[in-house]
Amino acid sequence: MIRAITILSENFSDWETALINSAGRGYYGFETRFAAPDGRPVLSSGGMMVTPQLAIEDIQLDDLDLLMVCGGTVWRTDQAPDITGLVSSAHHRNIIVAGICDGTRVLAQAGVLDNVRHTSNSAENLAELHYRGAAYYQDVPWAVADRRVITAPGSAPVSFMAEILRELGSRDENLKTWLAMHAAEHSRTA
């Protein structure tokens, strides 16, 4: 069974990791858990209150397959929890590390993006951090996967889901069906 933890923060962008958690749990049998600072409930940007299963401080990396950082405005502030050590440790243990939207900023701060192809909301979003991986930035509107690191702009939750599932070895008909279903919305001509 795949074990995944999604890190949430106050004002997290609730749509960004919803597809991967729902598809992972509902169709692939993942164990999905959520963590927040001190294990306290957090309010999403859309007003959804989430009570996490654990505190960020209590995350154990043993037997974890996937660590995701959901985006949200807090990652641009001094109120952001410092999870760079956790993210760096997960990456060094060969755990898949994924960040979407401003969650990619955490990966950059942790040094995870220094030597892998990656994306974010914009190159400027990460350049503000003076990280060492700017040469590997990909200016694309979809998720990028490279050496067990997955990044995406906040507008790309479908490709974020797909790249994570591919990295986990799920390249089956269910994945093709999910992608076709979500792509159909965008195939309509104006």
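Computed from a predicted model, the values in this text were never measured in an experiment. For the single chain, residues carry numbers from 1 onward in sequence order. All values below come from the heavy atoms of this structure, side chains included, with hydrogens, waters and symmetry mates left out.
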Hey, any chance Val87 and Val74 share a hydrophobic cluster, counting ILVMFWY side chains that come within less than 4.5 Å of each other, even indirectly?
yes
Same cluster or not: Leu54 versus Phe12, using hydrophobic residues (I, L, V, M, F, W, Y) connected whenever any side-chain heavy atoms lie under 4.5 Å apart?
no
Restricting to non-hydrogen atoms, name the atom on Gly71 and the atom on Cys101 that form the minimum distance, rounded to 0.1 Å.
CA-CB, 4.0 Å
Quick one: which residue pairs count as a ring pair (Phe, Tyr, Trp, His ring centres under 6.0 Å) with a foot in residues 62-90, not counting sequence neighbours?
none
Hey, does Leu86 have a side-chain heavy atom less than 4.5 Å from the side chain of Leu61?
yes
Apply side-chain contact (heavy atoms from CB on, under 4.5 Å) to the pair Leu165 and Phe30, showing each step before the final yes or no.
CA-CA 11 Å; Leu165 290 173; Phe30 290 15; 3.7 Å; yes
Can you check whether Leu66 reaches Ile95 side chain to side chain, under 4.5 Å on heavy atoms?
no
Give the cluster check for Met48 versus Val69: same hydrophobic cluster or not, with ILVMFWY residues linked at side-chain heavy-atom distances below 4.5 Å.
no
Looking at OG of Ser120 and CG of Asp102, how far apart are the two atoms once the value is rounded to the nearest 0.5 Å?
6.5 Å
Does a salt bridge link Glu128 with Arg105, judged by any charged N lying under 4.0 Å from a carboxylate O?
yes
Do the non-hydrogen side-chain atoms of Leu175 and Ser170 ever get within less than 4.5 Å of each other?
no
Holding to side-chain hydrogen bond (donor to acceptor under 3.5 Å, both in side chains), I want the full list of residues that pass it with Thr119, two or more places apart in sequence or in another chain.
none
Can you see which heavy atom on Gly47 is nearest to which on Asp14, and at what distance?
N-OD2, 4.5 Å
Count the heavy atoms belonging to other residues, nucleotides or ligands that lie under 6.0 Å from OH of Tyr27, then report whether that count exceeds 12.
no
Looking only at heavy atoms, the pair that brings Ala156 and Ala143 closest together is CB-N, 4.2 Å
Test side-chain contact (heavy atoms from CB on, under 4.5 Å) applied to Ser88 - qualifying residues, sequence neighbours left out
His92, Ala110
Residue set satisfying ring pair (Phe, Tyr, Trp, His ring centres under 6.0 Å) with Tyr137, at least two apart, ordered chain then number -> His118
Neighbour count above 12 (heavy atom, 6.0 Å) for Arg76 CZ
yes
Please check if the side chain of Asn21 supplies one atom and the backbone of Thr17 the other of a donor-acceptor pair under 3.5 Å.
yes
Reported CD1-to-CZ distance for the pair Ile7 and Arg33, which is rounded to 0.5 angstrom:
11.5 Å
side-chain hydrogen bond (donor to acceptor under 3.5 Å, both in side chains) involving Glu57 - partner list, sequence neighbours excluded
none
Would you indicate whether Arg132, at its atom CZ, is surrounded by more than 12 heavy atoms from other residues, nucleotides or ligands within a distance under 6.0 Å?
no
For Trp142 and Phe160, indicate whether the former's side chain and the latter's backbone hold a donor-acceptor pair under 3.5 Å.
no
State the CG-OG distance between Leu64 and Ser89, to the nearest 0.5 angstrom.
12.0 Å
Show your reasoning for whether side-chain contact (heavy atoms from CB on, under 4.5 Å) applies to Thr151 and Ile100.
CA-CA 6 Å; Thr151 54; Ile100 185 167; over 6 Å; no
Report the distance from atom CZ of Arg148 to atom CD1 of Ile96, rounding to the nearest 0.5 Å.
4.0 Å
Identify the two heavy atoms, one from Thr73 and one from Thr77, that lie closest to each other, and give their separation to 0.1 Å.
O-CG2, 3.7 Å
Quick one: are Ile164 and Leu168 in side-chain contact, heavy atoms under 4.5 Å?
yes
Spacing of Leu107 atom CG and Leu129 atom CG [to the nearest 0.5 Å]
11.0 Å
pair Thr6-Thr32: side-chain heavy atoms closer than 4.5 Å:
no
Hphob cluster co-occupancy, Leu126 + Ile83, side-chain heavy atoms under 4.5 angstrom
yes
List in chain and number order the residues that pass side-chain contact (heavy atoms from CB on, under 4.5 Å) with Leu19, two or more places apart in sequence or in another chain; answer none if no residue qualifies.
Pro157, Val158, Met161, Trp178, His182
Would a hydrophobic clustering, with Ile, Leu, Val, Met, Phe, Trp and Tyr connected at side-chain separations under 4.5 Å, put Trp15 with Val42?
no
Validation row: Leu43, Glu10 side chains within 4.5 angstrom (heavy atoms)
yes
Spacing of Tyr131 atom OH and Thr104 atom OG1 [to the nearest 0.5 Å]:
8.5 Å
For a quick test of reading the model, state the closest non-hydrogen atom pair linking Asp65 to Arg3 and the distance between them.
OD2-N, 2.7 Å
Ser44 and Asn11 side chains, donor-acceptor separation under 3.5 Å:
no
Which atom of Ala145 lies closest to which atom of Ile150, heavy atoms considered:
CB-CG1, 3.8 Å
In the structure I gave you, are the side-chain heavy atoms of Val116 and Tyr136 within less than 4.5 Å of one another anywhere?
no
Using a 4.5 Å cut-off on heavy atoms from C-beta on, say whether the side chain of Met68 contacts that of Ile5.
no
